[in-house]
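Chain naming here is simple, since letters A, B, ... match the order of the sequence lines and numbering starts at 1 in each.
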Amino acid sequence: MRIITWNVNSVRARLDRLLGVLERHEPDAICLQELKMAEEEFPALRLEQAGYHSAIFGQKTYNGVAILSKAPPGNVTRSLEDSADDSQARLIAADVAGVRVISVYVPNGGDVTSEKWSYKLEWLSRLHEYLEAKADPKKPLAVCGDFNITPDDKDVKHPELWAETVLCHREVRGAFDRLIDWGLVDAFRVVHPEGGIYSWWDYRRLGFQKNNGLRIDGILVTKPLAERIQGAFVDRDERKGSKPSDHAPLILDFSD
DNA sequence: ATGGTTGCTTAGCAA
């Protein structure tokens with residue numbers, strides 16, 4: 001089973017590239033983030049022609065997440081399903097081929113003095129509560145997405161440039177560790193313990209041209225799925241050429 | 001280095 005996570009930074013701007021990724025990698029499931037469109041605008045018909053079902057949690061202009069799958073998705077749920085007053089579309093879950101798949105777009109956090117930063121920390125705490133309430137560490141589960149967190153300095157090309165930022169701050173790394181402690185494994189880390197492989201390069205400061213990269217995308221899996229890990233890579237070529245997303249797809253392979 | 005670039009929406013926000 002192949003699962004991909006990719007922050008497309010607008011489905012509208014990236015549809016041709018998305019179709020290319022599906023054709024090139026043939027994932028069983030692909031988790032998308034930053035759709036930047038309402039559900040009714042989502043090109044579900046075009047993707048169906050490419051062989052994929054769509055489970056969509058859209059929002060006009062900002063955010064938005066989806067799960068595309070070859071097999072029909074089951075038990076689709078949207079949002080963190082808690083009591084918070086939250087209009088941002090950042091989580092969708094579905095059963096795909098016996099695996100509970102979740103696509104998450106963790107808040108970026110702006111800067112550490114902003115209200116966005118406290119929203120990020122609260123959202124991560126709510127995600128932890130969501131796992132406690134809705135998921136089971138003993139069953140196959142993959143939490144896939146843009147976590148807007150580098151797990152470690154070895155996931156940052158120039159850690160000194162990013163220290164104390166919202167992507168590297170010890171408080172979000174702590175929140176990430178608490179998700180892991182619930183019963184998850186950073187599947188990409190298992191395959192590449194040495195680090196030095198990145199999934200996001202800032203459009204600003206010509207990040208890609210300088211390989212000023214960070215790995216803020218990931219696939220976190222429960223033990224029964226971790227035992228099936230076969231390989232992992234980032235499709236760095238997808239960040240090249242005309243009109244790329246600022247993220248590259250991160251790809252995990254599991255035995256069936 | 002308080003800049004830089006991209007997308008959505010149309011001057012400003014978010015990343």
Taking the P atom of each, how far is dG4(B) from dC8(B), in whole Å? 22 Å
Residue list, side-chain contact (heavy atoms from CB on, under 4.5 Å) with [X], at least two apart or on another chain:
{"X": "V11(A)", "value": "V8(A), L35(A), M37(A), F42(A), P43(A)"}
{"X": "H128(A)", "value": "E132(A), R178(A), L179(A), W182(A)"}
{"X": "V76(A)", "value": "A55(A), P73(A), R78(A), I92(A), A94(A)"}

Nearest-angstrom distance from the residue atom [atom1] of [X] to [atom2] of [N]:
{"X": "N108(A)", "N": "dA14(B)", "atom1": "CG", "atom2": "P", "answer": "11 Å"}
{"X": "R204(A)", "N": "dG7(B)", "atom1": "CZ", "atom2": "P", "answer": "14 Å"}
{"X": "N9(A)", "N": "dT5(B)", "atom1": "CG", "atom2": "C1'", "answer": "11 Å"}
{"X": "R239(A)", "N": "dT5(B)", "atom1": "CZ", "atom2": "C1'", "answer": "10 Å"}
{"X": "D111(A)", "N": "dA14(B)", "atom1": "CG", "atom2": "C1'", "answer": "13 Å"}
{"X": "E41(A)", "N": "dG7(B)", "atom1": "CD", "atom2": "P", "answer": "16 Å"}
{"X": "L206(A)", "N": "dT6(B)", "atom1": "CG", "atom2": "C1'", "answer": "12 Å"}

Quick check on E194(A): does its CD atom have over 12 non-hydrogen neighbours (other residues, nucleotides or ligands) under 6.0 Å away? yes
With clusters built from Ile, Leu, Val, Met, Phe, Trp and Tyr whose side-chain heavy atoms come within less than 4.5 Å, directly or transitively, what are the remaining members of the cluster of W201(A), listed by chain and number? Y198(A), F208(A)
Should K243(A) be listed as having a side-chain N or O under 4.0 Å from OP1 or OP2 of dT6(B)? no
Restricting to pairs with a member in residues 212-242 of chain A, which pass ring pair (Phe, Tyr, Trp, His ring centres under 6.0 Å), not counting sequence neighbours? H25(A)-F233(A)
Heavy atoms within less than 4.0 Å of DNA chain B: which residues of residues 58-67 of chain A have one? Give them sorted by number. K60(A), T61(A), Y62(A)
Looking for any heavy atom pair under 4.0 Å, which part of the strands does F208(A) touch: base, sugar-phosphate only, or nothing? nothing
